[in-house]
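Right, one structure below, let's go through it.
Residue numbers start from 1 in every chain, and the chains themselves are labelled A, B, ... in the order their sequence lines are given, proteins ahead of strands.
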Protein chains: 2
Amino acid sequence: MIETRLDAVKLDGAGPVYDQIRRAIRDLVVSGEWPPGTGVPPEHALMEQLGASRMTVHRALVQLAREGLIVRRRRSGTIVASPPASHAMLDILSIPEEVEQLGQVYAYDVLSRSDGRPAPEVVERFGLKRSDKVAHLVVLHRADGMPHVLEERVIHAATVPGLAEEDFAETPPGDWLLKHSLWSQAEHAISAIGAGAEEADLLSIAIGEPCLLVERRTWNQSKPVTAVRLLYPGSRHRFVGRFGPYGQV
Amino acid sequence: MIETRLDAVKLDGAGPVYDQIRRAIRDLVVSGEWPPGTGVPPEHALMEQLGASRMTVHRALVQLAREGLIVRRRRSGTIVASPPASHAMLDILSIPEEVEQLGQVYAYDVLSRSDGRPAPEVVERFGLKRSDKVAHLVVLHRADGMPHVLEERVIHAATVPGLAEEDFAETPPGDWLLKHSLWSQAEHAISAIGAGAEEADLLSIAIGEPCLLVERRTWNQSKPVTAVRLLYPGSRHRFVGRFGPYGQV
DNA sequence: GGCGCTTATTTGCATATGCAAATACCACTT
DNA sequence: AAGTGGTATTTGCATATGCAAATAAGCGCC
């Protein structure tokens, strides 16, 4: 277990104490200062350092645990949780996992890679500066040998250390990024478009066939990390979700 | 404010007391026994009736409030919340609201309605019995006069009182149902398909043009309520959502 | 009637205290 | 070395208590 520096937890005096504690720890977690596996100080230590009662500290930690940011176990203590790989319907972050959950065999090919300045059309689509250095990848994911998704991805070199040395021979870029970069904010959009000539060819479908397009952009502390465009043949894919009226499952 | 019968809250003895209280009240809310607006008894009353301390009752209520099931205000007390009309990206339940949020003028036409036994293909799609009575509706929603979504809907008469008398002249069926029926579970699926001849005509698009298809089925206590098929012209629509790695916004 | 003040009710927050449950760790035995 | 049992640590839960903040409702005054 990774140790923490206790004095990193600082209150800001705004609002209820339990919420100050909650936010202080949450910020350390989402900023990456306390990466997954880091040990959160025990209630006693926090209580002394912050001058709050144990119940107040407890309340903050219980809430963070319910939110999934930390994991608590008696006697062994509290650690920062690993972010869940996939969550609700559209938080599908790992394509290999998605395919394997369908009981199919996963494989992928990196069709192209280029490092350097982004092409003008890429700059616009992903909201970059022309001077930013990026890696531009095209990857075809297969399920049981059949084309499953076509992925086009731009990775912002400055925010992802080790990018140049990685050749994505063993792990597709999406999964690799999950392990080698942090993200604090993501946005995605779903729409339907017809496949273009090149896309249709790669996915083995007809030109103009309806496809589901998922576009996702990811930031870490407002710096862009990666942008991806996933094209799913419409006939072969459905995104399914369940929910209740108050948001619960 | 609607009064509640205090003795309706019953504990089941399983697990922590605060959680028993939480579940007991939650069940009353989601079952519809305490409809939105119902007054939840004050902490003092619950405390006496249940033989728990106020802090324990408080903990249960605070959690329910954070989950959005109840709304609490000092002095005026606690009431059951109205289910949020729209929530995350795909919990768009009210099309009029969606359109108006885009700053466009909303209108709709009921293109057809038939009451009676469901067509065989509807039976299958919705998991009904052939003997169930349903209303079958086709509605075109417009934004600024332009076709916006094509809605095809089946409503299960047995679970929706007052259905036969309603003509949907003033409120489109989706919104009407939100007010006149309860639901405890929903499922939706998104996919991409090409517009059929009839659909293309109604939506003023070309045959085969890619569309986003949202299918949603809704149940109340495992009895079907309604099933709907929403066809959005792909070129004109994107569903956008934002989220963070731990599920928070 | 309307306006402003007071009061009572209800929730919100924090503390102190005590015990229970889980379990990592250590010492001891075989 | 391997099991065994006790102990200390850490979280989980519940209670009792006190005060603060918000505000609905009542009261009195003009």
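The nucleotide whose nearest atom lies closest to any side-chain atom of B/Tyr18 is, among D/dA14, D/dT17, C/dA24, D/dA14. Nearest to the side chain of A/His58, among C/dT23, D/dC13, C/dA8, sits D/dC13. The A/Met55 side chain lies nearest to D/dA14 when the options are C/dC25, D/dA14, D/dG12. Ranking C/dA14, D/dT9, D/dG12 by closeness to the A/Arg75 side chain, first place goes to D/dT9.
Spacing between atom CZ of A/Arg72 and atom P of C/dT23 amounts to 14 Å, rounded to whole angstrom units. Summarising the geometry, the separation between CD on B/Glu48 and C1' on C/dT10 is reported as 14 Å, rounded to the nearest angstrom. A/Glu43 places its CD atom 15 Å from the C1' atom of C/dA16, with the value rounded to the nearest Å. Rounded to an integer number of Å, the gap from CG of A/Leu50 to C1' of C/dT15 is 15 Å. Look at CE on B/Met47: it is 11 Å from C1' on D/dT17, rounded to the nearest Å. The nearest whole Å value for the distance from the CG atom in A/Leu61 to the C1' atom in C/dA14 is 16 Å. Rounded to whole angstrom, the span from the CD1 atom of A/Ile79 across to the P atom of D/dT11 amounts to 12 Å. Atom CD in B/Gln63 sits about 17 Å away from atom C1' in C/dT11, given to the nearest Å.
Side chains of A/Gln104 and A/Arg142: a donor-acceptor N/O pair is absent below 3.5 angstrom, by distance only.
Judged by distance alone, with hydrogens and angles left aside, A/Arg73 brings no side-chain donor or acceptor close enough to the base of C/dA22 to form a pair under 3.5 Å. For B/Arg74 and C/dT11, a side-chain-to-base donor-acceptor distance below 3.5 Å is present, hydrogens and geometry of angles not being considered.
At least one side-chain nitrogen or oxygen of A/Thr56 sits closer than 4.0 Å to the OP1 or OP2 atom of C/dT15. Of the side-chain N and O atoms in B/Arg54, none sit less than 4.0 angstrom from OP1 or OP2 of D/dA16. The side chain of B/Arg59 places an N or O atom within less than 4.0 Å of a non-bridging phosphate oxygen (OP1 or OP2) of D/dC13. Phosphate proximity of C/dT10 to B/Thr78: absent, as no side-chain N or O sits under 4.0 Å from OP1 or OP2.
With A/Ile70 as reference, A/Thr78 is the one residue of A/Val62, A/Thr38, A/Thr78 to meet the side chain to side chain contact (heavy atoms under 4.5 Å, CB included) rule. Applying the side chain to side chain contact (heavy atoms under 4.5 Å, CB included) test between A/Arg229 and each of A/Val154, A/Val214, A/Leu213 identifies A/Leu213 as the sole match.
Between B/Val62 and A/Gly51, the residue anchored closer to the 5' end of DNA chain C is B/Val62, taking for each the nucleotide with the nearest heavy atom.
Looking at A/Arg23 and A/Asp19, a side-chain N of the basic residue comes within less than 4.0 Å of a carboxylate O on the acidic one, giving a salt bridge.
With hydrogens and angles disregarded, a donor-acceptor distance shorter than 3.5 Å links the side chain of B/Asp144 to the backbone of B/Val105.
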